[in-house]
Amino acid sequence: MTTDNVEKNGYKTFIMSFLKSFYPLFIGLLPLLLGINANAQTSQVNAPVDHEQHCTPSSERAARLNTKEKFQECLDSADACMFKTPNKARGLLEQAIGMLESKPAPFASDSLDILRMKTDIKRGICCYLLGNIDSAIIMYNKSREMAEKIYDTIYIIRNINNLAICHMDMCRYDEAIDNYLTGLELAKKQGHKLMIATFCNNISAFYSNNDNFKDINKALRYRREGLKICLEVGDKEKIADNYANFGSIYKDTLSDSAMYYVNLAIPIYKEIGDIFKLSQTYVIAGNIHKKLNDYDKALEYFKLAVELDEKSGNTINIANHCSQISQLYLIMSKKIPEPQKSVYINQAYSKALKAFDASQKTQNPASISESAAILATIDSMRHNYKDAFKYLQICTRINDSIRSQKLMESTFRVENRYMLERNQALEIEKLVANKLMRSQRTTLMIVVIGLVLLAIMLVLLYRRMILVSRQRDMITHQKEEIESQRKEILSSINYARHLQEAVLPSVPEFSDGHASMFVLYSPRDIVSGDFYWFFERGDTLLLAVADCTGHGVPGACLSMLGLSYMRELSVSRFDSTPAQMLDIAREMVIKDLGQTGNIAEQHDGMDISVCRLNRSTNELQFASAHNPLFVVPKAGEPYNIKGDRQPVSFYKIMTPFTNQTVQLQPGDTFYMMSDGLKDLFSEDGRKFTYKRLKDLLIDMNDIPLQQQQVRLSDEIRSWRGDRKQIDDITLLGFRV
């Protein structure tokens, strides 16, 4: 039996079984055809009606005012101690909400919804600080419902942001990013600029700190959008927040850039006197140096953070930051011999004990557990097993308590959901029973017609499935062939990329310290039609940047040919001027490509600029086909030198290339480039242009070339966004 026959018999068996399964339904519906009604009894539950009226005679006026004053006092006291002792703040807020629910009369002149909304969001913050994320989510949702009821957009947006943060902590990343994007859209509609900046910052942190969704380009794009808004508004605190978060983004990849932004944030926090965020920024700086294994510098920043925490009385931060210092001392102790090792262990124990005492004041279970675990580890290292066992018991008990509390809250939510769904099911059952009694014959007719239509659809579906199955097999086979060819092509191109990278010269390190350079090299495709070259002999240095016709594989072939020309000319014609080298290179291109000037042939060639620098006299000779040279003096006005408007290939009017000489001074910087960067398009269709590039190079003149390269790469990513690069990009910078 063939595969098609087996498939057809399977479909027939399925259809016959499906139709037979409806036979009992017809038997069950026969009483409906005869008009026999089933007796259905329904019960009605009357909810009790509260007829009690709240009377407020004049004699109770003093009591009302006293209750409102107590309520406001609870809120103010909770705000004052929320970040120091969140457990105490939570108790005060529970008293406040109890006043609203048990004695609503004194608040008759106020909106109870507004008071509940503001109190619930504060309760959510306390739950979050205590590590009780599930309870925090419940509070934020209650506050959000009240805000939606009275249409308070700012509290809606704030609660959405808080919910997203909670989902992040519980690793519900899909729900977190949904809330962030929803809140950002609502903030933009309402024009809340600072909330827009807040969401941009949080989304940036999502894409930079989350390994499952890591996307540095998106993180930088949202961070820059937030920074732009903060600069427009002039909010120094938010500007500093952005700088600090830029440091957090770069801390794992570009430590120099990370410290650059952290050093921008620190003076602003000092200026505005925000010691809480200044402490957090010191911690970021400490973690950067910790990653660089510069433990002494990291310890210095952590200690600065703890000093500020003690000054502000922020008990939560004292606990967290002392734990970090303790862990750092333990790391440092592993790298030094006795007896100094015991000094570091004692320091670690002292800081861990301080963290433990602070965490007990805040009643934060997670913080207590972490510090107790560190103390148990250190006591074990010191062979003090009795105390180690004591702290281990504390850690275990708290962890068990956290798990038990989460289990109880989860069970409570499940029970409530079950009761709600059960009541809804009973109501739906009543409605269904009533509708059945009123429309029995109509239902039967609909079922019969539906069965007939279903049978027709099944037959058509069977025929369609046979056809689709054959087409699917054909498409799958074609896809496999295409995928195989694609892998072979990509493998060849990737190998070509390795060859091209091997031929390109490495950026030299000048031993005399009088010059430095960088090369920004970004192919549009896997391989590039651009190339760069430099060759040094004695005090003379040859440099070249070229843009060959095309990009991708064709451009790469021409770039390899051009590299061979420059390699040969650097050896055989080293004493020639750059213009003479271009004249000879043009003759070689015309000869090797067989160019005759025929209008029908391909006009392949390259635009190239060549520099010859005498490093003892700082005399620079320059010749170019199209590409300009841009010079930024250390003192003086920047200027550019244009090349000849003819390519290195056959041209209708070929004249000798012009050799130009410039006298440079120490500290002057010059740039050679292809046209890929000026033609780079942004997401909204604008070109980068030479003018914008020149302004950027002038603005960066005072910073080292390595930082210039980092900033140029950031500008390119920010400008391009998600848009595809249309040409190869090469830019060489050299400082005399």
Does any part of the side chain of [Y], heavy atoms only, come nearer than 4.5 Å to the side chain of [X], both counted from C-beta?
X      : Y      : result
Tyr301 : Ile288 : no
Phe622 : Pro578 : no
Leu181 : Ile177 : yes
Leu712 : Phe518 : yes
Met517 : Leu543 : yes
Tyr651 : Arg586 : no
Cys611 : Phe734 : no
Leu593 : Phe650 : no

- Check side-chain hydrogen bond (donor to acceptor under 3.5 Å, both in side chains) between Asn201 and all other residues, then give those that pass, not counting sequence neighbours.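 Expected list: Arg223.
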
Write down the atom of [X], the atom of [Y], and the distance for their closest heavy-atom approach.
X      : Y      : answer
Arg612 : Asp575 : NH2-CA, 3.7 Å
Val610 : Ala544 : CG2-CB, 4.2 Å
Asp607 : Asn627 : O-ND2, 3.3 Å
Gln646 : Thr655 : NE2-O, 2.8 Å
Pro647 : Phe657 : O-CZ, 3.8 Å
Arg573 : Met581 : O-CE, 3.0 Å

- Message: Is there a side-chain contact (heavy atoms from CB on, under 4.5 Å) between Phe681 and Arg686? Walk through the geometry before answering.
- Response: CA-CA 5 Å; Phe681 281 99; Arg686 293 177 296 135; over 6 Å; no

- Checking side-chain contact (heavy atoms from CB on, under 4.5 Å) for the pair Thr661/Leu620: CA distance, chi angles, key distance, verdict? CA-CA 6 Å; Thr661 303; Leu620 178 69; over 6 Å; no

May I ask you to decide if [Y]'s main-chain N or O and [X]'s side chain share a donor-acceptor pair within less than 3.5 Å?
X      : Y      : result
Gln660 : Lys642 : yes
Thr549 : Gly605 : yes
Ser204 : Cys200 : no
Asp728 : Arg524 : yes
Asn640 : Leu629 : no
Gln709 : Val519 : yes
Ser718 : Asp714 : no
Ser484 : Glu481 : no
Arg723 : Ser682 : yes

- Item | Verdict with supporting geometry, Ile493 and Val527, side-chain contact (heavy atoms from CB on, under 4.5 Å) | CA-CA 7 Å; Ile493 296 175; Val527 290; 4.2 Å; yes

For residues 694-707, which side-chain N or O atoms pair as donor and acceptor with protein atoms under 3.5 Å away, sequence neighbours left out?
from   : atom 1 : to     : atom 2 : distance (Å)
Asp695 : OD2    : Lys691 : NZ     : 3.2
Asp699 : OD2    : Arg711 : NH1    : 3.2
Asp699 : OD2    : Arg711 : NH2    : 2.9

- Mark yes when over 12 heavy atoms from residues, nucleotides or ligands other than Glu637 sit less than 6.0 Å from its CD; otherwise mark no.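 Open.
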
- Item | Tyr495, OH: over 12 other non-hydrogen atoms inside 6.0 angstrom |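 Atom OH in Tyr495 is not packed in, count stays at 12 or less.
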
If you round to the nearest 0.5 Å, how far is [atom2] of [Y] from [atom1] of [X]?
X      : Y      : atom1 : atom2 : answer
Ile641 : Phe630 : CD1   : CZ    : 11.0 Å
Glu683 : Arg221 : CD    : CZ    : 5.5 Å
Arg717 : Ser522 : CZ    : OG    : 10.0 Å
Ile716 : Gln725 : CD1   : CD    : 7.0 Å
Trp533 : Leu732 : CH2   : CG    : 13.5 Å
Lys678 : Thr689 : NZ    : OG1   : 9.0 Å

Test item: side-chain donor near acceptor, [X] and [Y], under 3.5 Å:
X      : Y      : result
Glu619 : Asn614 : no
Ser674 : Asp547 : no
Ser528 : Gln500 : no
Thr658 : Asp644 : yes
Thr596 : Asn598 : no

- Query: Is the shortest distance from a Lys or Arg side-chain nitrogen in Lys228 or Glu225 to a carboxylate oxygen in the other one below 4.0 Å?
  - Reply: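 Result for this pair is no, no salt bridge flagged.
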
- Message: Taking side chain to side chain contact (heavy atoms under 4.5 Å, CB included) as the definition, give me every residue that meets it alongside Ser491, ordered by chain and number, with sequence neighbours left out.
- Response: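 For Ser491, no residue satisfies side chain to side chain contact (heavy atoms under 4.5 Å, CB included) once neighbours in sequence are set aside.
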
- Item | Derivation and outcome, side-chain contact (heavy atoms from CB on, under 4.5 Å), residues Tyr282 and Ile266 | CA-CA 8 Å; Tyr282 281 146; Ile266 288 174; 3.8 Å; yes

